[in-house]
Colleague: 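Starting off with a structure, shown below.
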Amino acid sequence: MGEQPIFTTRAHVFQIDPTTKKNWVPASKQAVTVSYFYDSTRNSYRIISVDGSKVIINSTITPNMTFTKTSQKFGQWADSRANTVFGLGFASEQQLAKFAEKFQEVKEAAKLARDKSQEKMETSSNNSQESGRETPSSTQASSINGTDDEKISHGGPETAVLMSENDKLKTTVEQSNTNAKKLETELQTLRDSNARLVDALTESSANVEMWKKQLSTCKEESDTLREKIAELESQCEKANVEKERNSKLTVRVQELEMELQDKEQELENLRKQAEIIPQLMAECESITEKLQAAEVKNKDLEDRIEGLQADIEDSQSKQGNVKGELKKFMDVLDGKIDELHEFRQGLSKLGVDN
């Protein structure tokens, strides 16, 4: 089957600066895919991440590895074989928690695989040691009974079978010794890797402490900056209030300037009118004189009107008397006319009688 992905996520990849061993160096410009792979043939686990055509993480997980959460969204682990420390920045705490849980599961699986492999090697080593213990006895027996050729000549077919088994045991012992040397070499390599891993973890812990101090310093600076920003905002608010007051004052000044211009225009008009005042005074005096003359004439006319009214009243009273007399005359005239009419009727009667 080969290697198969068993878990996949996305994160920003970092590596520790190989020079300073303190600062993080971005290995990817953006979030990339980070996957756990299981190799069923070798019974091993790896973390692999590829950015385009570049492999930025190729870390085989061993039981000695430890994944450390250094913040809410950042975690790291040291790889002694790659001689570096990998860091992952996630978009959320949940992604970091899932990755850490998977790391622990894979670590336990790698430990079980290592234990099974050690059991197999111990079993093969014990078998080799038992074979090695049997080989000296057979050699002692051969030395007691004589040389191999003598044994073959005296023992027959059974001796030949024992010799072939002895050769096989010798070969097995040599292979077990070779495997033991290889295991010792690998064990020493693992010890060296473990020591480097411990150093890297110690250094990373020191880096974490330093980062905590830097974080506290940054928080203090942030609080100071926030206070300064609040002060600047209050100053800006005061400045805005002053600007509004200045704008209102500017508008008021413009209004006052307009009023001043109007007043100056009125003053100019008054000055022009003041120049005309002597002429107007002269005209006023002449008009006053004319008015006085008119009042005198008016007085005379009033006197005349009073005399005329008296005459009219006299004429009206006389006219009333005339009307009374005229009415009396008309009454008398009517009586005379009636008498004349009666006289005419009498004459007419007399003429008829005659």
Side-chain angles (χ1 to χ4, degrees), residues 1-9 11 13 15-16 33-49 55-70 75-88 95-135 168-205 208:
M1 294 294 292
E3 283 187 313
Q4 296 293 330
I6 58 175
F7 179 81
T8 300
T9 186
V13 180
Q15 288 187 6
I16 202 73
T33 302
V34 181
S35 303
Y36 286 94
F37 279 83
Y38 172 64
D39 189 350
S40 58
T41 304
R42 298 180 181 179
N43 197 17
S44 62
Y45 296 87
R46 289 196 300 168
I47 298 175
I48 297 176
S49 179
V55 179
I56 55 179
I57 297 178
N58 186 5
S59 177
T60 301
I61 299 175
T62 62
N64 297 324
M65 288 184 177
T66 302
F67 185 80
T68 305
K69 297 179 182 179
T70 58
Q76 65 181 38
W77 78 96
D79 189 345
S80 58
R81 294 184 180 179
N83 193 21
T84 186
V85 179
F86 293 102
L88 296 179
Q95 292 180 354
L96 175 60
K98 289 181 181 179
F99 188 89
E101 291 175 0
K102 198 65 181 178
F103 193 97
Q104 188 65 28
E105 292 177 5
V106 172
K107 176 182 173 182
E108 294 295 333
K111 184 177 180 181
L112 292 174
R114 186 189 68 177
D115 293 341
K116 289 181 181 179
S117 178
Q118 286 181 353
E119 289 177 0
K120 289 181 180 178
M121 286 190 293
E122 288 176 358
T123 303
S124 63
S125 177
N126 291 331
N127 293 331
S128 299
Q129 288 177 0
E130 290 176 359
S131 300
R133 288 170 186 171
E134 292 175 357
T135 302
K168 291 180 180 179
L169 290 173
K170 287 180 179 179
T171 304
T172 304
V173 169
E174 290 176 356
Q175 289 179 354
S176 63
N177 291 331
T178 303
N179 292 330
K181 290 180 181 179
K182 289 182 180 179
L183 290 173
E184 288 178 358
T185 304
E186 291 182 358
L187 181 60
Q188 185 62 34
T189 303
L190 289 174
R191 287 175 179 172
D192 295 336
S193 300
N194 192 15
R196 285 184 291 179
L197 179 60
V198 170
D199 294 336
L201 287 175
T202 304
E203 189 174 358
S204 64
S205 299
V208 168

Colleague: I'd like to know whether R46 forms a side chain to side chain contact (heavy atoms under 4.5 Å, CB included) with E3, so could you lay out the CA-CA distance, the side-chain angles of the two residues, the decisive distance to 0.1 Å, and finally the verdict.
Modeller: CA-CA 9 Å; R46 289 196 300 168; E3 283 187 313; 2.5 Å; yes
Colleague: So which atom in A100 and which in K69 form the shortest heavy-atom distance, rounded to 0.1 Å?
Modeller: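 Closest approach of A100 to K69, heavy atoms only: CB-CE, 3.6 Å.
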Colleague: Between S35 and I48, is there a donor-acceptor pair closer than 3.5 Å when you use the side chain of the first and the backbone of the second?
Modeller: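 Not a single qualifying donor-acceptor pair exists.
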Colleague: Side chains of W77 and M65: does their closest heavy-atom pair fall under 4.5 Å?
Modeller: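 Side chain of W77 against side chain of M65, heavy atoms only: contact under 4.5 Å found.
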Colleague: I'd like to know whether L88 forms a side chain to side chain contact (heavy atoms under 4.5 Å, CB included) with I57, so could you lay out the CA-CA distance, the side-chain angles of the two residues, the decisive distance to 0.1 Å, and finally the verdict.
Modeller: CA-CA 11 Å; L88 296 179; I57 297 178; 4.0 Å; yes
Colleague: Taking the side chain as every heavy atom from C-beta outward, state whether S59 and R81 have any atom pair closer than 4.5 Å.
Modeller: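 Counting from C-beta outward, S59 and R81 never come under 4.5 Å.
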Colleague: Would you name the heavy atoms of Q15 and I56 that are closest together and state the gap between them?
Modeller: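 Nearest pair, atom of Q15 first, then I56: NE2-O, 3.1 Å.
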Colleague: Is any side-chain heavy atom of T8 closer than 4.5 Å to a side-chain heavy atom of Y36?
Modeller: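 No - every pair of side-chain heavy atoms lies 4.5 Å or more apart.
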Colleague: Between K111 and E108, is there a salt bridge with N-O shorter than 4.0 Å?
Modeller: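 Between K111 and E108 there is no salt bridge, as every charged N stays at least 4.0 Å from the carboxylate O atoms.
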Colleague: I want to check something: taking the side chain as every heavy atom from C-beta on, are F86 and V34 in contact at a cut-off of under 4.5 Å?
Modeller: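 In short, these two side chains do not touch, never coming nearer than 4.5 Å.
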Colleague: Hey, mind stepping through R114 and N64 against side chain to side chain contact (heavy atoms under 4.5 Å, CB included) and telling me if it holds?
Modeller: CA-CA 11 Å; R114 186 189 68 177; N64 297 324; 4.1 Å; yes
Colleague: So I61 and F37, do their side chains get closer than 4.5 Å, heavy atoms only?
Modeller: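 Side-chain contact under 4.5 Å: no.
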Colleague: For a 4.5 angstrom cut-off between non-hydrogen side-chain atoms, does K98 reach F7?
Modeller: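 Yes. Closest side-chain heavy atoms under 4.5 Å.
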Colleague: Is it the case that the side chain of Y45 and the backbone of D39 share a donor-acceptor pair, with hydrogens and angles ignored and the cut-off at 3.5 Å?
Modeller: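 A pair under 3.5 Å: no.
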Colleague: For residues F103 and T66, report the shortest heavy-atom separation together with the two atoms involved.
Modeller: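 The pair with the smallest heavy-atom distance is CE2-C, 4.1 Å.
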Colleague: About how many Å separate CZ of F67 and CD of Q104, when rounded to the nearest 0.5 Å?
Modeller: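 Nearest 0.5 Å value for the CD-CZ distance: 11.0 Å.
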Colleague: Can you tell me how far the CD atom of Q95 sits from the OG1 atom of T9, to the nearest 0.5 Å?
Modeller: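 Here the interatomic distance stands at 4.5 Å.
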Colleague: Give me the atom names and distance for the closest heavy-atom approach of T33 to S49.
Modeller: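 Closest heavy-atom pair between T33 and S49: O-OG, 2.9 Å.
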Colleague: Taking atom CD1 of I47 and atom CG of D79, what is their separation to the nearest 0.5 Å?
Modeller: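 These two atoms lie 8.5 Å from each other.
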